[in-house]
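One structure below.
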Amino acid sequence: MNYLADSRHIVVRCPNWVGDLIMATPLFECLRQNLPGVRITALTRAYNAKIIDDAPWVDAVVPCDDKSYAGILETSKAVKDCLLYTSPS
């Protein structure tokens with residue numbers, strides 16, 4: 001995880017399904033514990049945003065729509081730095 005230590009902002013593309021997102025939450029806790037000074041943004045479907053919105057390990061939640069070109073462009077404006085990708089289900 002040393003290569004992430006130099007980052008200022010990490011964006012995690014969350015799994016699509018509710019249960020998979022819940023099972024992925026330890027990833028956010030691990031990132032926060034190991035990279036306390038890094039901004040962590042969760043990129044997730046709009047219907048999942050409330051699940052992790054109040055999580056103490058996440059600084060921001062960005063709802064994404066990657067099913068349309070316009071949605072991809074809008075999402076890309078919110079995400080500009082490092083990307084850590086978790087496979088969508």
Side-chain angles (χ1 to χ4, degrees):
M1 203 177 289
N2 291 338
Y3 64 94
L4 293 175
D6 295 332
S7 300
R8 291 179 290 155
H9 187 188
I10 296 173
V11 178
V12 180
R13 172 56 172 93
C14 299
N16 292 336
W17 299 103
V18 173
D20 292 346
L21 175 59
I22 291 168
M23 295 297 289
T25 57
L27 169 70
F28 292 105
E29 184 176 12
C30 179
L31 287 171
R32 179 58 69 213
Q33 286 176 354
N34 289 287
L35 304 167
V38 174
R39 179 172 170 78
I40 299 172
T41 298
L43 188 64
T44 187
R45 299 267 186 221
Y47 57 81
N48 279 340
K50 291 289 184 187
I51 295 171
I52 55 173
D53 194 31
D54 293 329
W57 322 289
V58 178
D59 297 306
V61 176
V62 176
C64 74
D65 169 19
D66 56 5
K67 292 190 177 213
S68 69
Y69 183 69
I72 292 170
L73 286 178
E74 198 60 37
T75 300
S76 68
K77 291 177 187 176
V79 181
K80 295 180 180 145
D81 297 323
C82 177
L83 179 65
L84 177 62
Y85 186 82
T86 62
S87 176
S89 45

Backbone N/O of Asn16 and side chain of Asn48: donor-acceptor pair under 3.5 Å
yes
If you compare all heavy atoms of Val38 against all heavy atoms of His9, which two are closest, and at what distance to 0.1 Å?
CG1-N, 4.0 Å
Minimum heavy-atom separation for Ile40 and Trp57, please, with both atom names.
CD1-O, 3.6 Å
Is there a donor-acceptor contact under 3.5 Å from the side chain of Asp53 to the main chain of Ala49?
no
Quick one: which of Thr44, Val61, Val18 gives a side chain to side chain contact (heavy atoms under 4.5 Å, CB included) with Ile51?
Val18
Joint cluster assignment, Ile22 & Leu27, ILVMFWY side-chain distance < 4.5 Å
yes
Quick check: do Asp59 and Arg32 have side-chain heavy atoms less than 4.5 Å from each other?
yes
Within this structure, what is the OG1-CZ distance for the pair Thr41 and Arg13, rounded to the nearest 0.5 Å?
14.0 Å
For the side chain to side chain contact (heavy atoms under 4.5 Å, CB included) test, which of Val62, Val58, Ile52 pairs with Cys14?
Ile52
